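As structure tokens, the structure follows; a few thoughts come after it.
These numbers come from a predicted model, not from an experiment.
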Amino acid sequence: MKKLILVFGLIVLFLPWGARASEFIPEEIPQQDFFKAKILSIPENLSDEAQVEVLSGSEKGQTITISLPQNESEAYQFEIGDTVIVTKVAGYSGDLYYLTDRYRLPSLYWILGLFMVFILIFGRFRGLMSLFGLAVTVAVIMLFVIPRILAGDSPILITILGSVVILFFSIYLAHGFHWRTSVAVGGTVLSLAITAGLATAFVHFGELFGLGSEEVMSLQATTLANIDFRGLLLGGMILGTLGVLDDITTAQSAAIEQLKIANHTFGFWELYKRGLAIGKEHITSLVNTLFLAYAGASLPVFLFFTVIPDVPAWVHLNSEFIAEEIVRTLVGSVGLILAVPITTLLAAYVFTRKTWAQQQSVS
């Protein structure tokens, strides 16, 4: 119950800080409505219009005509009975309807449900607490981080504040109020601080301005162009690193605690040495794991090296689009690597103190 109170207390704490994102939407954007619709007929000629039945919204039950995308790729091949999303735009000469996308939310609900089932089956109470921690993470990002950035606050400062709150609540909710959890929190905070410093240094040293993505280029064309995009880039690096840091630090802290429990004669340096030996296994696997994670998310980036053969590889590497991904990957990797010796040092110190030993004897 105490943990649930902490969660709701956090949400209540951040509500006054937050603001609805809709408050910052440019007023000149035309009013749009979105509907779910089912395709009733498909013309043989793509230039002709198809008929769809509206399944939701104010026009539910009505049949309207829309133009299908004139593209022969598989992504734009529709069949009768497919559920799609239709956008209605109010124009000067009347309402216009467009087929926006396929409706795929049901598949997302299924995979989300499967994820939660596995968490609860194999994680039991801890799994339930980790789901609460995830809810806190989403709440902090949506109710605090995003609105404050939209309001013009420093993205890196807001992201750091949000990350610290996410860290405390997610780790303690998932792993309980133990010494090993506090060690993991301390190791994560220190590693995150170093990562933030490295990210700031190399983003400035590499003359990166956070303009290397299509989404940012689109934001620049709106009234949100006053956002600090360099700070947004740094904030994204910090938030992304946090997601892996807590996994490394909690595992390392738990491993060192078990070493001490297995052999109470281990002193500080013996515990640190053996713990670091375990941590080296994490480090060797982390380098490749993190690179593959970023490479998988940015696989189209690698296509630039082959589809434009007239441009030298060094020119591609020099572009801000690719340079951002390189800095993001390497800075994050350095932060994760340093998390191992930092957490090991903290754990070796804490688990050789009399306070921890007394708590173990009582429990």
With the 4.5 Å side-chain cut-off for hydrophobic clustering, are [X] and [Y] part of the same group?
{"X": "Val138", "Y": "Leu128", "value": "yes"}
{"X": "Leu40", "Y": "Val86", "value": "no"}
{"X": "Phe177", "Y": "Val185", "value": "yes"}
{"X": "Ile111", "Y": "Phe122", "value": "yes"}
{"X": "Trp269", "Y": "Phe351", "value": "yes"}

Contact check, side chains of [X] and [Y], non-hydrogen atoms, under 4.5 Å:
{"X": "Pro341", "Y": "Leu276", "result": "yes"}
{"X": "Val140", "Y": "Phe169", "result": "no"}
{"X": "Leu55", "Y": "Thr83", "result": "yes"}
{"X": "Ile64", "Y": "Val54", "result": "yes"}
{"X": "Glu257", "Y": "Val183", "result": "no"}
{"X": "Leu99", "Y": "Val52", "result": "no"}

Ignoring hydrogens, what is the shortest heavy-atom contact between [X] and [Y]? Give both atom names and the distance.
{"X": "Gly127", "Y": "Ile119", "value": "O-CG2, 3.2 Å"}
{"X": "Ala323", "Y": "Leu208", "value": "CB-CD2, 3.8 Å"}
{"X": "Ala339", "Y": "Ser191", "value": "CA-OG, 3.1 Å"}
{"X": "Pro147", "Y": "Ile141", "value": "CD-O, 4.1 Å"}
{"X": "Thr352", "Y": "Gly267", "value": "CG2-C, 3.8 Å"}
{"X": "Asp246", "Y": "Ser170", "value": "OD2-OG, 4.5 Å"}

Students often mix this up, so state it plainly: with edges at 30° and 60°, are the rings of Phe268 and Tyr272 parallel, tilted or perpendicular? parallel
Measure the acute angle between the ring planes of Phe202 and Phe205, then classify it against the limits of 30° and 60° as parallel, tilted or perpendicular. perpendicular
Any chance OH of Tyr103 has more than 12 other-residue heavy atoms, nucleotides or ligands included, within less than 6.0 Å? yes
More than 12 heavy atoms of other residues, nucleotides or ligands under 6.0 Å from CZ of Phe118: is that the case? no
When rounded to the nearest 0.5 angstrom, what is the spacing between [atom1] in [X] and [atom2] in [Y]?
{"X": "Thr195", "Y": "Leu242", "atom1": "OG1", "atom2": "CG", "result": "9.5 Å"}
{"X": "Ile80", "Y": "Lys38", "atom1": "CD1", "atom2": "NZ", "result": "11.0 Å"}
{"X": "Met129", "Y": "Leu134", "atom1": "CE", "atom2": "CG", "result": "12.5 Å"}
{"X": "Ile248", "Y": "Thr250", "atom1": "CD1", "atom2": "OG1", "result": "8.0 Å"}
{"X": "Phe35", "Y": "Lys88", "atom1": "CZ", "atom2": "NZ", "result": "5.0 Å"}
{"X": "Ile85", "Y": "Thr100", "atom1": "CD1", "atom2": "OG1", "result": "7.0 Å"}

Is it true that a side-chain atom of [X] and a backbone atom of [Y] form a donor plus acceptor pair closer than 3.5 Å?
{"X": "Thr159", "Y": "Ile156", "value": "no"}
{"X": "Ser56", "Y": "Lys36", "value": "yes"}
{"X": "Asp82", "Y": "Glu79", "value": "yes"}
{"X": "Thr181", "Y": "Gly176", "value": "yes"}
{"X": "Lys260", "Y": "Leu271", "value": "no"}
{"X": "His175", "Y": "Ile171", "value": "no"}

Residues at least two apart in sequence or cross-chain that pass side chain to side chain contact (heavy atoms under 4.5 Å, CB included) with Leu338, listed by chain then number, are Ile194, Val334, Ile342
Candidate pair Arg328 and Thr241, rule side-chain contact (heavy atoms from CB on, under 4.5 Å), full reasoning: CA-CA 9 Å; Arg328 191 194 313 272; Thr241 304; over 6 Å; no
Apply the test side-chain contact (heavy atoms from CB on, under 4.5 Å) to residues Tyr98 and Ile66: give CA-CA distance (whole Å), side-chain angles for both, the deciding distance (0.1 Å), then the verdict. CA-CA 6 Å; Tyr98 300 95; Ile66 59 173; over 6 Å; no
Chi angles and distances behind the side-chain contact (heavy atoms from CB on, under 4.5 Å) call for Val145, Ile149: CA-CA 6 Å; Val145 175; Ile149 291 177; 3.8 Å; yes
Judged by modelled atom types alone, do Tyr97 and Thr65 share a side-chain donor-acceptor pair under 3.5 Å? no
Check whether the side chains of Ser253 and Thr343 place a donor and an acceptor atom closer than 3.5 Å, and report yes or no. no
Is the NZ or CZ atom of Arg353 positioned over Tyr349's six-membered ring, under 6.0 angstrom from the centre and within 45° of the axis? yes
List in chain and number order the residues that pass salt bridge (Lys or Arg N to Asp or Glu O under 4.0 Å) with Asp247, two or more places apart in sequence or in another chain; answer none if no residue qualifies. none
Passing candidate, side-chain hydrogen bond (donor to acceptor under 3.5 Å, both in side chains) with Thr344, options Lys273, Gln252, Arg274: Gln252
Under the criterion side-chain contact (heavy atoms from CB on, under 4.5 Å), I'd like the reasoning laid out for Leu173 against Ser130: C-alpha separation, chi angles, the key distance, then a yes or no. CA-CA 6 Å; Leu173 281 173; Ser130 68; over 6 Å; no
